[in-house]
Novice: 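For reference, the structure I am asking about is given below.
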Amino acid sequence: MIRQTFRKSERLCSKSKIENLFKRGTSFISYPFRITQLSDDKNDGPPVQVLIVVSKRRVKSAVARNRIKRMVREAYRKNKHIIWDNYSTISSQKLLLCINYIGKTIVEYKDVERKLILILQRLIENDE
RNA sequence: UUGACAGGCUAUUCCAUCGCUGUGAUAACCAGUUAUUGCUGAGGAAAGUCGGGACAGCACAGGGCACCUUACUUCCUAACAGGAAGGGUUCAUGUUUGAAUACAGAUAGUGCCACAGAGAAAGUAGCCUAUGUUGAUUUAUACAUCAGCAGGUGAAUGUGAAAACGUGAGGUAAGAGCUCACGCUGUGUAAUGGCGACAUUACAGAGGGGUAAACCUUAGGGGCUGCAAGAUCAAAUAAACCGGCAAUUUUUGUUAUGCAAAAUAAGGGUUGCCCGCCUGAUGCCGGAGGGUAGAUUGCUAAAGUUGCAUGGUGACAUGUAACGCAGAUAAAUGAUGGAAAUACUUAUUGUAUUACAGAAUCCCGCUUAUUGGCCUGUCAAUUCU
RNA sequence: GGUCCCGUAGUUCAAUGGAUAGAAUGUGAGAUUCCGGUUCUCAUGAUAUGGGUUCGAAUCCCGUCGGGAUCA
């Protein structure tokens with residue numbers, strides 16, 4: 001069982017990696033999220049790195065923006081074992097992931113969690 | 001008691017589980033990571049970036065111009081276009097209070113004042129003909145009458161946002177502060193009160209519009225840029241620099257596979273080779289330099305917060321006691337469950353805890369957004385004594 | 001985070017502080033046509049917002065709101 005942590009190293013912070021991700025990654029939409037993914041060479045660190053985006057253009061209020069980001073982060077933290085189990089077995093690959101929120105209003109936490117679980121399962125199916 | 005207005009205060013609390021930021025302790029090892037555990041973690045505006053500072057870099061002998069900025073007084077403050085207490089002016093009320101106030105200078109100069117009007121700053125196509133003069137009529141001339149010029153004047157009418165202090169009387173050819181009476185507004189001098197702005201009184205003398213949020217003048221202030229400032233460490237890559245090593249083919253001399261001299265496009269790309277074409281004086285290693293990705297620092301103990309006392313009308317100051325109060329960086333402060341309290345309701349219970357809003361170097365102000373509750377003051381209405 | 005700039009009809013632009021805020025285009029109606037287009041006529045519609053200065057403000061000054069640019 002993987003612990004439900006979400007550390008700094010599990011986040012995607014490197015500028016060049018992000019550029020790479022948006023340049024060459026593939027993406028799909030599952031409302032209210034838009035997922036961009038890319039497989040990368042694994043050196044060290046966690047098997048999956050995640051970037052959460054809430055656009056300032058779509059959500060004007062900073063408070064609402066912060067709240068959505070926190071909800072998404074919380075939902076990912078609780079359910080990341082779904083995708084970790086898959087990727088930790090493949091030793092040479094790691095996954096870069098961007099979760100882009102494209103809704104314009106705040107939704108309930110339960111909806112966010114349910115939707116995110118669906119997305120993570122779909123990622124695994126695509127991989128296989 | 002209710003309502004309105006103004007001002008101030010506050011921003012639900014606790015527990016459990018899973019996580020995040022910072023930090024202290026302990027342990028492990030791969031020596032900067034992991035694990036355990038303790039403490040800590042968003043506002044009154046964190047917002048706008050409007051004003052001012054701290055701090056940092058650059059510049060700087062001193063002064064001036066230019067540019068920007070301020071503009072009633074005294075005080076407060078590190079400083080301010082901020083605040084406090086006053087003064088003047090304007091407006092409202094209607095006789096005493098409230099509100100607003102970029103509130104130096106229009107007699108230093110320049111510009112502008114549409115339309116209308118004679119005229120928008122020393123002015124008429126108006127008025128007058130006393131005085132001088134020309135002409136005409138009449139007459140012996142003069143007087144007189146008419147017209148023009150010189151001249152005088154600044155009235156009335158009307159226009160306009162604004163018309164040359166206002167009203168009345170005198171005066172005159174016509175008029176005019178030209179004179180007088182009563183007022184209005186500036187200026188100067190003196191006295192009294194006030195720290196001062198200023199107020200009151202007396203005397204003298206004046207009355208050439210408005211506009212400086214038009215240019216400007218006067219007086220005071222300002223060096224410029226901003227934490228993406230600045231400091232330290234530093235992969236990678238390109239070109240240039242320095243040092244070392246290596247390197248193509250041909251010819252000649254010499255006994256020589258070696259050495260010396262001279263000449264030479266060697267290599268790479270284009271399908272493995274050849275031709276052709278393109279590119280092209282090289283390749284490797286090291287150094288120094290520069291400082292990108294990135295990391296560390298700047299970074300949070302401070303013009304500190306709260307209580308009390310003293311001084312002051314007040315802003316505030318002084319003294320004393322306690323507290324030790326975020327520090328992220330594609331950016332932490334969250335999720336779930338339960339309890340208490342409050343409000344509303346269908347009163348077993350259920351719903352809500354909301355508004356505006358999220359630190360980004362720090363601080364002081366200002367401005368703007370805003371829900372519910374509490375407190376204070378003023379005014380109005382009603383009821384009771 | 002800092003520093004600057006700009007807001008005029010539905011759209012693109014004008015307008016010296018002077019009054020009905022103008023032009024093109026769009027939209028609507030009418031005329032022309034057998035019908036549509038072209039053309040002609042008429043209408044429609046705006047100074048981002050709240051104050052101030054001024055006799056008078058789109059313009060000058062201040063606050064607010066919105067948009068944009070730039071600095072690694």
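Lettering follows sequence order; numbering is per chain, from 1. Values in this document were obtained by computation on a predicted structure and should not be read as measured data.
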Novice: If you take all heavy atoms of A:Gln37 and A:Leu123, which pair is closest and at what distance?
Specialist: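 Taking A:Gln37 first and A:Leu123 second, the nearest heavy atoms are OE1-CD2, 3.2 Å.
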Novice: Set out, in order, the CA-CA distance, both residues' side-chain angles and the distance that settles side-chain contact (heavy atoms from CB on, under 4.5 Å) for A:Ile35 and A:Asn100, then state yes or no.
Specialist: CA-CA 6 Å; A:Ile35 308 297; A:Asn100 197 343; over 6 Å; no
Novice: Whole angstrom is fine here: how far is it from CD in A:Glu113 over to P in B:U336?
Specialist: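 Result: 9 Å.
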Novice: If the P atom of B:A332 is compared with that of B:G377, how far apart are they to the nearest Å?
Specialist: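 Their P atoms lie roughly 47 Å apart.
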Novice: Taking O4'-C1'-N9-C4 for purines and O4'-C1'-N1-C2 for pyrimidines, is B:G177 syn (within 90° of 0) or anti?
Specialist: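 It is syn.
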Novice: Using both distances under 3.5 Å as the test, list the Watson-Crick or G-U wobble partner of B:A84, or none.
Specialist: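 Partner of B:A84: B:U74.
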Novice: Expressed as a whole number of Å, how far does the P atom of B:G175 sit from that of B:U218?
Specialist: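 Pairwise P distance, B:G175 against B:U218, rounds to 49 Å.
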Novice: Quantified in whole Å, what is the C1' atom distance between nucleotide B:G48 and nucleotide B:G365?
Specialist: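 Nearest-Å result for B:G48 against B:G365 at atom C1': 14 Å.
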Novice: Tell me if B:G186 is syn or anti. Syn = glycosidic torsion within 90° of 0, anti otherwise.
Specialist: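 Base orientation: syn.
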Novice: Just call it for A:Arg67: base, sugar-phosphate, or nothing, with non-hydrogen atoms closer than 4.0 Å on any strand.
Specialist: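 Sugar-phosphate, no base atom in range.
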Novice: How would you label the glycosidic angle of C:U64: syn (within 90° of 0) or anti?
Specialist: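 That one's anti.
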Novice: Which value, in whole Å, describes the distance between the C1' atoms of nucleotides B:C233 and B:G64?
Specialist: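 Approximately 48 Å lies between the C1' atom of B:C233 and that of B:G64.
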Novice: Now, which nucleotide makes the Watson-Crick or G-U wobble pair with B:C115, with each of the two distances under 3.5 Å?
Specialist: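 Here B:C115 is not engaged in any pair, so there is no nucleotide opposite it.
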Novice: Could you give the distance separating B:U282 and B:A247 at their C1' atoms, to the nearest angstrom?
Specialist: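 So the two C1' atoms sit 8 Å from each other.
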Novice: Looking at B:G253, which nucleotide sits across from it as a Watson-Crick or G-U wobble partner, both distances under 3.5 angstrom, or is there none?
Specialist: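 By the stated definition (distances under 3.5 Å), B:C259 pairs with B:G253.
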Novice: Rounding to a whole Å, what distance do you find between A:Met71:CE and B:G334:C1'?
Specialist: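 Value for this atom pair: 11 Å.
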Novice: Would A:Asn66 and A:Lys69 count as a side-chain contact (heavy atoms from CB on, under 4.5 Å) here? Give the steps.
Specialist: CA-CA 5 Å; A:Asn66 266 347; A:Lys69 271 195 270 187; 4.2 Å; yes
Novice: With a 3.5 angstrom cut-off on both distances, give the Watson-Crick or G-U wobble partner of B:U282, or none if there isn't one.
Specialist: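 Because both required distances fall under 3.5 Å, B:U282 counts as paired with B:A246.
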Novice: Please give the nucleotide sitting opposite B:A27 as a Watson-Crick or G-U wobble pair, both distances under 3.5 Å, or none.
Specialist: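 Matched B:A27 with B:U34 under the 3.5 Å cut-off.
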Novice: How far, in whole Å, is B:A355 from B:U370 if one measures between their C1' atoms?
Specialist: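 The same atom, C1', in both gives a distance of 5 Å.
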Novice: If a pair means Watson-Crick or G-U wobble with both distances below 3.5 Å, what does RNA chain C look like in dot-bracket form, with | marking bases paired to a different strand?
Specialist: (((((((..((((....[...))))((((((.......))))))...(((((..]....)))))))))))).
Novice: Could you check whether A:Arg122 makes a cation-pi contact with A:Phe28, meaning its NZ or CZ is under 6.0 Å from the centre of the six-membered ring and within 45° of the ring axis?
Specialist: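 Output yes; distance and angle both within limits.
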Novice: For B:U342, what is the paired nucleotide under Watson-Crick or G-U wobble rules, both distances under 3.5 Å?
Specialist: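 Across any shown strand, B:U342 pairs with B:A352.
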Novice: Which of these passes side chain to side chain contact (heavy atoms under 4.5 Å, CB included) with A:Ile99: A:Leu116, A:Val53, A:Ile119?
Specialist: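 Answer to the side chain to side chain contact (heavy atoms under 4.5 Å, CB included) test with A:Ile99 among A:Leu116, A:Val53, A:Ile119: A:Leu116.
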Novice: Rounding to the closest angstrom, what is the interatomic distance between B:G119 and C:C61 at atom P?
Specialist: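 B:G119 and C:C61 have their P atoms separated by 35 Å.
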Novice: Please classify B:G373 as syn or anti, treating any glycosidic angle within 90° of 0 as syn.
Specialist: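 It is anti.
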Novice: Round to the nearest Å and state the distance from A:Lys78 atom NZ to B:C20 atom P.
Specialist: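 Whole-Å distance recorded here is 13 Å.
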Novice: Check side-chain contact (heavy atoms from CB on, under 4.5 Å) between A:Leu118 and all other residues, then give those that pass, not counting sequence neighbours.
Specialist: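 A:Leu118 satisfies side-chain contact (heavy atoms from CB on, under 4.5 Å) with A:Gln121 only.
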Novice: In whole angstrom, what separates A:Lys80's NZ from B:C18's C1'?
Specialist: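 Whole-Å distance recorded here is 12 Å.
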Novice: Identify the nucleotide, in any strand shown, that forms a Watson-Crick or G-U wobble pair with B:C379, with both distances under 3.5 Å; if there is none, say none.
Specialist: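 Pairing partner, where one exists within any strand: B:G3.
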Novice: Considering residues at least two apart in sequence or located in another chain, which fulfil the side-chain contact (heavy atoms from CB on, under 4.5 Å) criterion with A:Arg114?
Specialist: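 Expected list: A:Asp111.
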Novice: Between the protein and nucleotides 354-356 of chain B, list the N/O to N/O atom pairs that are separated by less than 3.5 angstrom.
Specialist:
none

Novice: Would you measure the distance from the P atom in B:U1 across to the matching atom in C:U54 and give it in whole Å?
Specialist: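 Approximately 50 Å lies between the P atom of B:U1 and that of C:U54.
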Novice: Pairing check on B:A169: which nucleotide meets the Watson-Crick or G-U wobble criteria with it, both distances under 3.5 Å?
Specialist: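 Pairing partner: B:U179.
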Novice: Taking only residues two or more places apart in sequence or in another chain, which ones pass side-chain contact (heavy atoms from CB on, under 4.5 Å) with A:Glu74?
Specialist: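 Counting only residues at least two positions away or on another chain, A:Glu74 forms a side-chain contact (heavy atoms from CB on, under 4.5 Å) with A:Arg77, A:Lys78, A:Tyr109.
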Novice: For B:A125, does the O4'-C1'-N9-C4 (purine) or O4'-C1'-N1-C2 (pyrimidine) torsion place it in syn, i.e. within 90° of 0, or in anti?
Specialist: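 Syn.
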Novice: Can you name the atoms? Protein N/O to nucleotides 329-333 of chain B N/O, anything below 3.5 Å, with the distance.
Specialist:
from, atom 1, to, atom 2, distance (Å)
B:U329, OP1, A:Lys8, NZ, 3.2
B:A332, OP1, A:Arg73, NH2, 3.2
B:U333, OP1, A:Arg73, NH1, 3.2
B:U333, OP2, A:Arg70, NE, 2.8

